[in-house]
Number of protein chains: 2
Amino acid sequence: MGNKRLTVREIAKLAEVSVATVSRVSRGTGQVSQETRERVLRIIEEYGYRPSQMGRTLAEQRHGMVAIVFPGLAGPYFSELTQGFESQAMEAGTGVHILVTHHRPDSDDSVLDMASRVDGIAIHGDTVRAETLRRVAAEVPVVVLAGRPMDGVPAVRADNSTIGELTRHLLVDHGYRRLAFVGNPGGSPDVTDRWEAFQAAHRQARVTAPRNPVPLGLQQSDGVLAAGELLDGRRPPRAVVCANDETALGVLIGALGRGLSVPGDLAITGFDDVPMASLVQPRLTTVRQPIRELGATTARLLISGLGNRGAVMDAVLATEPVFRESCGCPRT
Amino acid sequence: MGNKRLTVREIAKLAEVSVATVSRVSRGTGQVSQETRERVLRIIEEYGYRPSQMGRTLAEQRHGMVAIVFPGLAGPYFSELTQGFESQAMEAGTGVHILVTHHRPDSDDSVLDMASRVDGIAIHGDTVRAETLRRVAAEVPVVVLAGRPMDGVPAVRADNSTIGELTRHLLVDHGYRRLAFVGNPGGSPDVTDRWEAFQAAHRQARVTAPRNPVPLGLQQSDGVLAAGELLDGRRPPRAVVCANDETALGVLIGALGRGLSVPGDLAITGFDDVPMASLVQPRLTTVRQPIRELGATTARLLISGLGNRGAVMDAVLATEPVFRESCGCPRT
DNA sequence: TTGTAGGCGTTATCAT
DNA sequence: ATGATAACGCCTACAA
């Protein structure tokens, strides 16, 4: 325990070869005679030698590591995103560093610091200020995840407009009036888009949209809170369009807890199509977004972009509405 | 964009001083005359110089970074844990690297690799094999989080036995028979402890415990699945003790979705006391565990332990039962 | 107060 | 096939 690790030089001395040979053997590059290789390998094994990342990083001028920056990590969304991202990074032999800002005020510093510890950074939505984004991009390749491209920084995102189809469905197909929107448009580009699509659908259906959204977060508990705010008021909405499934689930729980019938008294829709969406009763009508693919595409773009600039600048992944029962549709 | 970053030497030349002085100024150590400092600072500012982490790490022989290894990151538990951990790390001026294994078979390699990129590692529960834990501990300080100490590796965990009090409460105070336990004891030390406390409480109350638990994961969707398994069977349980709040919430949702009354037809308890626990209807009876503190304590122990070996070896944080309505207690 | 020079551990070039 | 040696960028005795 705590045996100071040996260095190339020491291994070289023990194996009676030069450091160059040890390096060649340990990383399997270049030509080394069978005999020498075995001798060196034996010493490496015996002393448990492992090349130091510090030295290697400096010599190779690369970290073999990329980072992904999130605002938080509650909920299945970030978990999926991470898995997609990591799967691709792993394939490229690159490690992944997750950085969570938790909306801390000094988080921009952490991101900047991170910039000098990795070969590239994927930044989720509005986690850092535009100014910071620029500075980071000046140091390492950056890809915006679930946001808009900016100043030459490419982006990967999902098509949020599909939530408009859901809204139209509620308005036109079901004939509901008085819809509410749960989500904070100022919180992230995704929610901004969704709120706008929600409004646009109202305009197209020539129905007056609510003036304001219910500006809460994206966690389940926020949905429960929203349910309280909406349902205990004087004129509860007939249907509520949520910025994501977690809040929709929260609203559903809140509504059922109040003895309301869903969709009878209140229709509810979400966004993401997380596993829970099809497990609850009634099942959740939502928009399916390829979260894993989103993460994977981001990683690919980031890692390939480490070399060549100027590939895709704005990848928008397709999404699709999933009609189940929480909106009032019959079970198929 | 892509302007190759300047090095100490170049800044030194521009400021007409030595590299030593630049270093002194940039890191604020040693004595530098007011005049010189300002001149150097101006150049640093002007060219946006920031010392390379690569060089610094190698020279200082430390990364200024610790890692925390998780099996996954769905749910509020890991989010809280991370925040507690980061708050302390931040105070020590240390960065935090989050590594998620996702139960991947090759994840042990990632952890090993990580060992040479950070100054210390906190490993959650059963995320790595014992053998791997040993090898990692041979390279850097390690703390086990939510698990037992092992081979000189200290641990920080919560007192899981309190779930026995909950079980006793259901058995004795409410007189329920036929309890079920949801959670996979093989999945993590925490669940192992909880399952054992559940059984022990049965023995003390002289009631026969169920032979087997419902061995599912710790996510909400697992709870919904468990509800299906338990409630659609021939002899549904009268009460179900869940390994954590997420699954308890899932069971609750599943039960309510089947038209059952909770706690009338089925009593439910959880573990953690997450925000949702007190927001659902009925509110969840559970065990409160100081998750944030758990993370914070782990970080402190890890970072302090970077220097001196031999501090606390097994910190067990207190937990307390929280009686609400899902167990059948009246609303207070 | 400031500068010189060696070292941190690795990789890679260029001889041999 | 192998070895000497120069980077890589920074920090820090030690010297001046």
At a cut-off of 3.5 Å, list every protein nitrogen or oxygen paired with a nitrogen or oxygen from nucleotides 11-13 of chain D, distance to 0.1 Å.
unit_1: dC11(D); atom_1: OP1; unit_2: R27(B); atom_2: NE; d: 3.3
unit_1: dC11(D); atom_1: OP1; unit_2: R56(B); atom_2: NE; d: 2.9
unit_1: dC11(D); atom_1: OP1; unit_2: R56(B); atom_2: NH2; d: 3.0
unit_1: dC11(D); atom_1: OP2; unit_2: S23(B); atom_2: OG; d: 3.0
unit_1: dT12(D); atom_1: OP2; unit_2: R27(B); atom_2: NH1; d: 3.3

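- Ion pairing between R148(B) and D190(B) fails under the 4.0 Å rule for side-chain N and carboxylate O.
- At whole-Å resolution of the value, CD in E38(A) and P in dA1(D) are 15 Å apart.
- Listed by first and then second residue, the salt bridge (Lys or Arg N to Asp or Glu O under 4.0 Å) pairs involving residues 82-98 of chain B are R104(A)-E86(B) (not counting sequence neighbours).
- Evaluation of the side chain to side chain donor-acceptor pair (under 3.5 Å) rule for E293(A) yields T297(A) as partners, not counting sequence neighbours.
- Screening residues 32-52 of chain A for salt bridge (Lys or Arg N to Asp or Glu O under 4.0 Å), with sequence neighbours left out, gives R50(A)-E139(B).
- Under the side chain to side chain donor-acceptor pair (under 3.5 Å) criterion, T29(B) pairs with no residue at all, not counting sequence neighbours.
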Do any side-chain atoms of residues 71-80 of chain A form donor-acceptor pairs under 3.5 angstrom with protein atoms, and if so which ones, sequence neighbours left out?
unit_1: Y77(A); atom_1: OH; unit_2: H124(A); atom_2: NE2; d: 3.0
unit_1: E80(A); atom_1: OE1; unit_2: R292(A); atom_2: NH1; d: 3.4
unit_1: E80(A); atom_1: OE2; unit_2: R292(A); atom_2: NH1; d: 3.2

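- Scanning for side chain to side chain donor-acceptor pair (under 3.5 Å) contacts around D109(A) gives an empty result, with sequence neighbours left out.
- The ring pair (Phe, Tyr, Trp, His ring centres under 6.0 Å) analysis of residues 89-111 of chain A, with sequence neighbours excluded, yields the pairs H97(A)-H97(B).
- Sorted by first and then second residue, the salt bridge (Lys or Arg N to Asp or Glu O under 4.0 Å) pairs with a member in residues 16-30 of chain B read R27(B)-E60(B); sequence neighbours excluded.
- Whole-Å rounding puts the E16(A) CD to dT2(D) C1' distance at 14 Å.
- From one end of the helix from dT1(C)-dA16(D) to dT16(C)-dA1(D) to the other, with five pairs defining each end axis, the axis direction shifts by 40° (rounded to 10°).
- The side chain to side chain donor-acceptor pair (under 3.5 Å) test applied to S110(B) returns no partner, not counting sequence neighbours.
- You can see that DNA chain C meets the heavy atoms of chain B within a 4.0 Å-exclusive cut from dT1(C) to dG9(C), reading 5' to 3'.
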